[in-house]
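What follows is one structure encoded as structure tokens, with my remarks underneath.
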Amino acid sequence: MCGIIGYIGSENAVPIILDGLKKLEYRGYDSSGIAVMDNKGFSVVKQKGRLSELETAVNARPISGFLGIGHTRWATHGEPSDINSHPHLGSQNKIAIVHNGIIENYKQLKERLEQKGIQFVSQTDSEVIAQLAEYYHTGDIMDTVIKVANALEGSYALGIMCLDDPDKLIAIKKDNPLIIGVSDSGNFIASDVPAVLSHTNKVYYLNDKEIAVLTREGVKFYNTDKEPLEKHLETITWSIDSAEKGGYEHFMLKEIMEQPKVLHDTIQSVLGDGDNRRIIDSLDITNFNKIVITACGSAYNAGMVAKYVMERLCRLPVEVDLASEFRYKDAIVDQNTLVILVSQSGETADTIAAMREAKRKGAVTLSIVNVIGSTIAKETDYTLYTLAGPEIAVATTKAFSAQLLMLYFLAVKFAAKLGRINSEQAEEYFKEIASLPDKAAKLLEQIDFIQMYASTCVGYKSIFFIGRNIDYAIAMEGSLKLKEISYIHSEAYAGGELKHGTISLIEEDTLVVAISTNESLYGKIYSNVEQVISRGAKVLFIGNCIKAVPDEKLSIVELPKINDLFSPSLSVIVLQLFSYYVAANKGLDIDKPRNLAKSVTVE
Ligand code: AGP
């Protein structure tokens, strides 16, 4: 939901900012803009459309400066347009800002300022920040920023430039991420690490209501009482390559192919001697009488898989709630409930709200998060980091797989602690989980068949996914993946539910993707397959216990053998590749699907 970047240093800010925006485009891509300051004032270029449009505009009207800010937008208030793009300036052209977040009281603030004769030019909530800053400004930019922050309700990550302080770039945040990068040739603000990684791997993570004052020489931090703060400088260990396409046509395909490594790294973080192992071992599951998993989108689907695994192994009730529902439903959780929050970004607004609601009710919170230092990671009682590295494609693949793994580990560790399984059984399960990276790599060898099959599926208006138990849970993820990148309508059903209504939608040449990884349920799902084929459907059957033989109506992808509890880690790879190649054959913008953004930091 919007990406911001800023630079102050000894180099021209423009190419640095444009390059940073490319790395942040996954956060929003309906318009973008850049402002630089020189001794004459601000030069601003803003453009509706993809970042390439902004680059063209900047090339046509070159600007330069050693201090600048940039923004890539996912519209919330006001349509995507040149005028609504950031940066926004106050009407005296004295202060320029970029904003990621939502200002909830912008209408009241705008009315107040309009009554004082200030004229607004955009429909955005963000412009109010620039106008308010100019209105408050009496000479000291720190005082101005503090006053503005005190007046704003909602969420914000802000980059601010002021003509009175041409040697400073100011940043402040609340409920939206912001990092500060430092290097010998200049200093940076950014929504995410990849935006600065080609310049530096040294970053500070800004906390809520902390102010960063960047100059060419360095950065200083203050609280809103203007007291100096000491902050820890972190070193990012992943390389710039992990945030580049590396020869693949899309990030999504690269990220799918990276999964064997991600699985391996995440397994090592639990079975080796890392923080994840220590944290899981320190959590006493016997204190809880129920587990609630809450998350959004794919992370919610990971929770659905985990419910089957945990309930089967731990014999403990596990509820899975959409975070957007949990936050408003007056959930029955207390100090005897373990609430697990799953989030790649750690910044999803609904999941943050669910976490805070769970804490308010006294529940113990555990998060599974990919982005280090994110809000959810910082605020939960226990944090487990997935080791997926930066995930750039909007459709999650490798981070989802890492979430699944972490949830399997929790299930096995909890089951052992609760005495539901003995240590030999736990070891057996760990061995099975540890075999996943090699099996995933083996499965990826079938990529050509999946690509070829998907190329025949672009014409479908609707595709159904079915499975039973855990296969149903992963079918939900397959369906979401297909919808979000191929724009084909799809639904996931528990196989047994078909006959209760949905089967009426099956007609000649409907496509049904069926999943079967539990031998004891094979007969049941196969009879669903027969039912849909006899009504004219074609079936892509994915599994490791399939006894049927392929024919013109039935195609099969054979999965490597694995305990069905952990099979979603393999079936999901086929589902991801299938969606990817359907979308690729439709020529769609796979990494940046329409209307979506990578991390949904608004409600
Ligand atoms: C999945 O492909 C999505 N783009 C989306 O559903 C995502 O999983 C969801 O928005 C949750 O994001 P998070 O994991 O960053 O919290």
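The structure presented is a predicted model; accordingly, all values stated were derived computationally and were not measured. Just so you know, these numbers use all the heavy atoms, side chains as well, and skip hydrogens, waters and symmetry mates. All ligand and atom numbering here is 1-based and tracks the order in the structure.
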Notebook entry, point to check: Under 4.0 Å from any heavy atom of Gly297, which atoms of ligand 1 are there?
Noted result: 6 (O)

Check: Using a distance-only test with no angle check, is there a side-chain donor-acceptor pair under 3.5 angstrom linking Ser85 and Lys48?
Finding: no

Check: So, His232 versus Tyr204, ring centres under 6.0 angstrom or not?
Finding: no

Check: What are the two closest non-hydrogen atoms of Ala377 and Thr383, and how far apart are they?
Finding: O-OG1, 2.6 Å

Item checked: Minimum heavy-atom distance Leu505-Thr510, with the two atoms named -> O-OG1, 3.9 Å

Check: Under 4.0 angstrom from ligand 1, any heavy atom of Cys296?
Finding: yes

Notebook entry, point to check: Does any N/O atom on Ala395 come nearer than 3.5 Å to any N/O atom on ligand 1?
Noted result: no

Item checked: Nearest-contact summary for atom 10 (O) of ligand 1 - protein heavy atom, Å -> Val600 CG2, 4.1 Å

Check: Does Arg594 make a cation-pi contact with Tyr487, if we ask for NZ or CZ under 6.0 Å from the ring centre and within 45° of the axis?
Finding: yes

Next item on the list: Would you mind listing which atoms of ligand 1 come within a distance below 4.0 Å of any non-hydrogen atom of Glu484?
Entry: 1 (C), 2 (O), 3 (C), 4 (N)

Checklist line | atom 15 (O) of ligand 1 [closest protein heavy-atom partner, distance rounded to 0.1 Å] | finding: Ser345 OG, 2.7 Å

Item checked: Check: Thr266/Ser269 side-chain N/O donor and acceptor closer than 3.5 Å -> no

Next item on the list: Assess Lys481 for proximity to ligand 1: is some non-hydrogen atom of it under 4.0 Å away?
Entry: yes

Notebook entry, point to check: Looking at ligand 1, does any of its N/O atoms fall within less than 3.5 Å of an N/O of Lys598?
Noted result: no

Next item on the list: Note the single closest protein heavy atom to atom 14 (O) of ligand 1, along with its residue, its atom name and the distance in Å.
Entry: Gln344 N, 2.6 Å

Check: So which of Ser298, Ala295, Ala349 gets nearest to atom 8 (O) of ligand 1, if we judge by its closest heavy atom?
Finding: Ser298

Notebook entry, point to check: Judged by modelled atom types alone, do Asn207 and Glu210 share a side-chain donor-acceptor pair under 3.5 Å?
Noted result: yes

Next item on the list: Flag yes if more than 12 heavy atoms outside Lys209 fall under 6.0 Å of its NZ atom; otherwise flag no.
Entry: yes

Checklist line | Residue and atom name of the nearest protein heavy atom (relative to atom 16 (O) of ligand 1), distance in Å to one decimal | finding: Thr348 OG1, 2.4 Å

